[in-house]
Novice: 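Can you keep this structure in mind? I'll have questions shortly.
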Amino acid sequence: MINKFFLINFLFFNTQAFANNITIKVMDSKQSKVEGVIVYLTPENNTLNHALTKHPLIIFQKNKKFTPYIAVLQKGQEINFKNQDDVTHHIYSASGENRFDFKIKAGEQNKSTVITTSGEVAMGCNIHDWMSGYVLAVDTPYFDQTNSQGLSIFKHIPPGSYKLTIWHPQLETQKNEFTKKVEIHNNYHFKVILPKPLLPIPAQQNQDEFDFLEGY
Amino acid sequence: MIKFIVISFLLISSDIYSAEQSFKGLVDTRVVSVEYDTQSYLSGNYGKFNFDSDTPFTLAQLGLQYTMKWENNLSFHAVGNIYIDGRNNGIGLTEAFLSYRNLPNQNGWRIKSKIGVFYPKISFENIATAWSTPYTLTSSSLNNWVGEELRHSGFQLTLDKLGKFNKSQHNFSFDISLFQNNDTAGAMLSWHGWTLGNRQTLLNEKLVVQPFAARSTTLATQASYSDPFIELDNRWGTHLTTNWQYDNYLTISGGIYNNNADASIVKSGQYTWDTNFKHVGIKYNINQKIQLISQYMTGNTFMQSPYGDKVVENDFNSGFIMLRFQQNKHQYAIRVEEFEVKDFDSTVGDNNNEYGKGITLSYRYKLNKRSFIHSEFNWLNSSRPARWYLKQDVNLTEQQFQLAFRHYF
């Protein structure tokens, strides 16, 4: 009896300790779901050992656009750029500590850079000024981007206090983010309503569509 | 200037292996039919189109662009053009310059510069490979003059403000150019007036001057050709331009040009012309399919005799409005334009007055990414009293039809 009790208790506790599944739904003030925003959870007690996400984040240059336009990675993770266009791009980031620039030739697939500081990485191309892309580097392994239903699902989150952050370059708030303190002790379903609607995402399109333009 | 560019290029070429070289180009072959125009302005006559009426199958442009880009944001550009139309054939360079393009800083400010021989930033039409216009087979009268008589030999400094760094949709650009070798700018605009076409003057070319009456009297010193890219007074001209772009559908630009020539000089049959003008342009994407492009220019040019009296003095202005409709592989364009030269001097035998208006209808079909079939009809009516010197009607209505195959490589 006692053994059985312990076993059940252990399983229950174990579920609680290591298998909290958190669903976060991001909506705007009109109750419409918001797709593509970055959602991440930062433990308040930062002694947790953050395992590094090892696979690189892949950003394509296709039709003279950054694809995806917005992405998230963990500080220390690598971005791998793949140029699928038949022209050279000169990719740069002018953002604080995460400055970089390099040329990537037509079809080149393996230009990489490691993002060592958390924060926004605003990327552009110094040849095609309309190209624009964002990567957010976060100092936590618990990050995601909302799907078409406005949902982000996190599995196996250890219990504790967290700062939930919603980030998008077109979110017109301070630092483009919206934060909330959350306590995680069980499976939870949070609903977040953004304080402001997102601004329109830039089209990454030149005013003239012709393929053989020069800098005249 | 070219010598300087070549030396600089050779010096930098020691680092040649870390550079990326590229060749780009454009082949433009056409069948041309011109009516009511016995001879083109390029042949020393008063026809407004660059092809003569008996022009057969022509290589309207073979443009070649060589670019070498180094890792330090420095690049070298040379643009050459070949024209074979049976009468005004030519081969040579149209531009050669070193260019520096810094990375923008965190607030979106960027510095760019050019040194060498390059086009002034005026045209909203001539934006593709080797200064070709993708919209039509002819440049408007305004930009055809830019291609004929204007080129900056000097230095250009540009300051850009890219709005996206502050999540703004406003982009700004400011340019200042200091140039030489444009002391005769305005001569051909005075003596043959505004023209329509696709012929750019090569840096090694000279332009035939029309045989008006004063050429044998007051202006007998003028050579039978004009050298458009010559330095006579060793003074620097200035060109200031600014550009505002809103999002990706509206661009407005403006500029002030002053070649700052000392108009009292005549050397080897070439007069210095003091030429000033202002220009404005708008490019507006009304929706995904329809684009409006319009430019206007107004200015003044004069030259003097060695005794200081104004021999030729003209005001000039030209403007066009173009509407483009693009759907899948099809592009339709209609351009209307109007131009004028007002003669203020009292020199006998050199009447530069002119008034004209034109309409262009153009259709482009995209065969594949690089190749296009392009057809165009131009109608141009102009009144120019100087035609009387050649016993021609003062009023002339010209029509031109062209069918082109264009391939960008």
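Here is how names work: the chains are called A, B, and so on, in the same order as the sequence lines, proteins then strands, and each is numbered from 1. Hydrogens, waters and symmetry mates play no part in the numbers below; they use all other heavy atoms, side chains included.
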Novice: Any chance you could measure B/R370, atom CZ, to A/D86, atom CG, to the nearest 0.5 Å?
Specialist: 5.5 Å
Novice: Among side-chain atoms of B/E125 and A/Y216, is any donor-acceptor pair under 3.5 angstrom?
Specialist: no
Novice: Under 3.5 Å, side chain of A/K103 to main-chain N/O of B/W70, donor-acceptor pair present?
Specialist: yes
Novice: Is chain A contacted by the side chain of B/N107, its backbone, both, or neither, given a heavy-atom distance below 4.5 Å?
Specialist: neither
Novice: So do B/P104 and A/Y92 actually touch side chain to side chain, heavy atoms under 4.5 Å?
Specialist: yes
Novice: If you count heavy-atom pairs within less than 4.5 Å of chain B, which of A/L213, A/L199, A/D129, A/T88 leads?
Specialist: A/D129
Novice: Relative to chain A, which segment of B/N171 carries a heavy atom at a distance below 4.5 Å: side chain, backbone, both, or neither?
Specialist: neither
Novice: Heavy-atom cut-off 4.5 Å, strictly under: side chain, backbone, both or neither for B/Q331 against chain A?
Specialist: neither
Novice: For residues A/I127 and B/R101, determine if any side-chain heavy atom of one lies less than 4.5 Å from a side-chain heavy atom of the other.
Specialist: no
Novice: Is B/Y284 close to chain A through its backbone or its side chain, or both, or neither, when contacts mean heavy atoms under 4.5 Å?
Specialist: backbone
Novice: At a heavy-atom separation under 4.5 Å, does A/P169 approach chain B through its side chain, its backbone, both, or neither?
Specialist: both
Novice: Let me know if B/I122 has heavy atoms under 4.5 Å from chain A in its side chain, its backbone, both or neither.
Specialist: neither
Novice: Please check if the side chain of B/N248 supplies one atom and the backbone of A/Q207 the other of a donor-acceptor pair under 3.5 Å.
Specialist: no
Novice: Check each atom of B/F165 against the heavy atoms of chain A and say whether the ones under 4.5 Å are side chain, backbone, both or neither.
Specialist: side chain
Novice: Say whether, by atom type as modelled, one donor and one acceptor occur between the side chain of A/N126 and the main chain of B/N102 under 3.5 angstrom.
Specialist: yes
Novice: Quick one: what part of B/R324 sits under 4.5 Å from any heavy atom of chain A, side chain, backbone, both or neither?
Specialist: side chain
Novice: To the nearest 0.5 angstrom, please state how far the CG atom of A/D208 sits from the CD atom of B/Q326.
Specialist: 9.0 Å
Novice: Test salt bridge (Lys or Arg N to Asp or Glu O under 4.0 Å) on B/K24 and A/E214; report intermediate values, then the result.
Specialist: CA-CA 10 Å; B/K24 288 186 206 169; A/E214 295 297 327; 2.9 Å; yes
Novice: Within a radius of less than 6.0 Å around NZ of B/K167, do more than 12 heavy atoms belonging to other residues, nucleotides or ligands occur?
Specialist: yes
Novice: For B/Q106 and A/S95, run side-chain hydrogen bond (donor to acceptor under 3.5 Å, both in side chains): C-alpha distance rounded to whole Å, both residues' side-chain angles, the deciding distance at 0.1 Å, then the answer.
Specialist: CA-CA 6 Å; B/Q106 206 162 353; A/S95 306; 5.4 Å; no
Novice: Under 3.5 Å, is there a donor-acceptor pair between the side chain of B/K164 and the main chain of A/G124?
Specialist: no
Novice: Does any backbone or side-chain atom of B/L103 lie under 4.5 Å from a heavy atom of chain A? Answer side chain, backbone, both or neither.
Specialist: both
Novice: Sort B/K283 into side chain, backbone, both or neither according to what part of it lies under 4.5 angstrom from a heavy atom of chain A.
Specialist: both
Novice: Count the heavy atoms belonging to other residues, nucleotides or ligands that lie under 6.0 Å from CD of A/Q174, then report whether that count exceeds 12.
Specialist: no
Novice: Using the side-chain contact (heavy atoms from CB on, under 4.5 Å) rule, take B/D247 and A/Q205 through it: C-alpha gap first, then chi angles, then the decisive distance, then the call.
Specialist: CA-CA 9 Å; B/D247 205 350; A/Q205 220 170 41; over 6 Å; no
Novice: Count the heavy atoms belonging to other residues, nucleotides or ligands that lie under 6.0 Å from CD of A/Q84, then report whether that count exceeds 12.
Specialist: yes
Novice: Given that the side chain runs from C-beta out, which part of B/T251 has a heavy atom under 4.5 Å from chain A: side chain, backbone, both or neither?
Specialist: both
Novice: Can you say whether the rings of B/Y408 and A/F210 are parallel (under 30°), tilted (30 to 60°) or perpendicular (over 60°)?
Specialist: perpendicular
Novice: Surrounding CD1 of B/I321 (heavy atoms of other residues, nucleotides or ligands, distance under 6.0 Å), is the total greater than 12?
Specialist: no
Novice: Considering only heavy atoms and a distance below 4.5 Å, find which of B/Q245, B/E95, B/K112, B/K69 pairs most often with chain A.
Specialist: B/E95
Novice: Select one option (side chain, backbone, both, neither) describing which atoms of B/N105 are under 4.5 Å from chain A's heavy atoms.
Specialist: backbone
Novice: Heavy-atom distance under 4.5 Å to chain A: side chain of B/F124, backbone, both or neither?
Specialist: neither
Novice: In terms of heavy-atom proximity below 4.5 Å to chain A, should B/Q291 be classed as side chain, backbone, both, or neither?
Specialist: side chain
Novice: Decide if atom CG of B/L202 counts as having more than 12 heavy atoms of other residues, nucleotides or ligands within a radius under 6.0 Å.
Specialist: yes
Novice: In terms of heavy-atom contacts, does CD of A/Q109 have more than 12 from other residues, nucleotides or ligands at under 6.0 Å?
Specialist: yes
